[in-house]
Amino acid sequence: MSATRIDGKAFAARLRERVGEYAARFAEAAGRRAGLAVVLVGDDAASQVYVGAKNKATVAANMASFEHRLPADTSAAALLALVERLNNDDSVDGILVQLPLPDHLDEQSIIAAISPDKDVDGFHVINAGRLSVGQSGFVPCTPLGCMMLLTDRLGDLSGLEAVVIGRSNIVGKPMAQLLLDANATVTIAHSRTKDLASVVRRADIVVAAVGRPEMIRKDWLKDGATVIDVGINRLPPEPGKDKGKLVGDVAYDEASEVAAAITPVPGGVGPMTIAVLLRNTLVAAHRNAGLDVPEGL
Ligand code: NAD
């Protein structure tokens with residue numbers, strides 16, 4: 001069997017287009033564009049690239065982007081004052097503080113200062129709590145993107161066995177919660193799980209969010225499983241090259257021989273994250289403006 005390649009890049013492009021159309025309608029109805037504020041502290045190279053990409057995608061989706069780039073030695077008080085200003089700014093619907101923050105800043109207390117109704121990353125404890133009890137809030141973008149790919153592919157997930165490998169607050173735990181809400185039978189595996197291969201072999205749905213290159217092998221998978229690979233790992237460069245290849249947590253080629261469907265890396269889950277961020281921002285804008293959130297968003 002050769003697995004269907006789940007094309008997250010194409011799915012994300014369609015979602016961004018849809019968000020762009022709804023955002024144009026929002027601007028007409030509200031008399032202003034939906035706005036996303038992105039705060040970057042310091043000069044981490046990867047973060048610079050992400051923030052630049054978010055800014056471009058926001059503008060392309062007919063929304064306003066407010067970028068705040070602060071020096072690496074910014075104090076907690078100055079950062080908190082900026083967050084407070086953005087909380088009170090009616091042109092800002094979503095606030096995203098790019099992680100990781102420099103070591104002297106405590107990420108949890110900065111995230112806690114963001115208004116939960118503008119927390120489009122879904123990292124605030126209030127939004128984690130809302131997800132856990134089934135209230136509407138904001139769900140972290142990467143797991144929500146995985147869920148969209150899964151329901152697009154499988155439809156109803158009721159009764160399916162799902163194994164999520166990884167228990168981080170931003171991917172593994174919210175992913176498990178979403179699968180549970182969709183009536184899957186969910187196992188969360190992690191670094192202390194015994195005999196991980198046989199746990200994974202039970203799964204109709206495998207979501208890998210570990211950060212270990214090609215750890216999940218063909219013989220770990222049940223025939224016909226659907227595999228969502230969140231991992232982004234760079235291999236050491238081959239001789240003569242300055243950058244190594246990007247791979248996921250799943251050994252893609254061999255897993256494709258057993259799985260029914262699988263996301264590639266790159267081009268699978270990765271592009272979904274920004275698309276869902278735009279979607280969450282537009283949802284926030286509708287709520288903040290007292291407008292109904294459109295059905296297909
Ligand atoms: P994390 O480091 O916070 O969590 C990793 C998890 O994997 C931990 O819960 C740990 O228990 C588990 N783990 C570690 N070693 C293991 C092992 N040998 N066996 C089983 N479980 C093990 O990472 P994260 O932030 O959740 O990210 C996971 C991966 O997903 C990373 O590669 C990251 O780059 C990627 N990621 C991608 C996106 C995206 O947009 N596609 C977004 C976020 C994270």
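For the single chain, residues carry numbers from 1 onward in sequence order. Counting starts at 1 for both ligands and their atoms, following the listed order.
Applying the salt bridge (Lys or Arg N to Asp or Glu O under 4.0 Å) criterion to R32, with sequence neighbours excluded, gives D93. Take E21 and apply the salt bridge (Lys or Arg N to Asp or Glu O under 4.0 Å) test, not counting sequence neighbours, and it matches no residue. Residues meeting the side-chain hydrogen bond (donor to acceptor under 3.5 Å, both in side chains) test with N280, sequence neighbours left out: none.
A salt bridge does not link D44 with R69: none of the charged nitrogens is closer than 4.0 Å to a carboxylate oxygen.
Protein residues with a heavy atom closer than 4.0 Å to ligand 1 are T142, I165, G166, R167, S168, I170, V171, H190, S191, L196, A209, V210, G211, R212, M215, V230, G231, I232, N233, V269, G270, T273, listed by chain and number.
A cation-pi arrangement, defined by a distance under 6.0 Å to the six-membered ring centre and an angle within 45 degrees of its axis, is absent between R279 and Y22.
Residues K194 and V199 share a closest heavy-atom pair of O-CG2, 4.0 Å.
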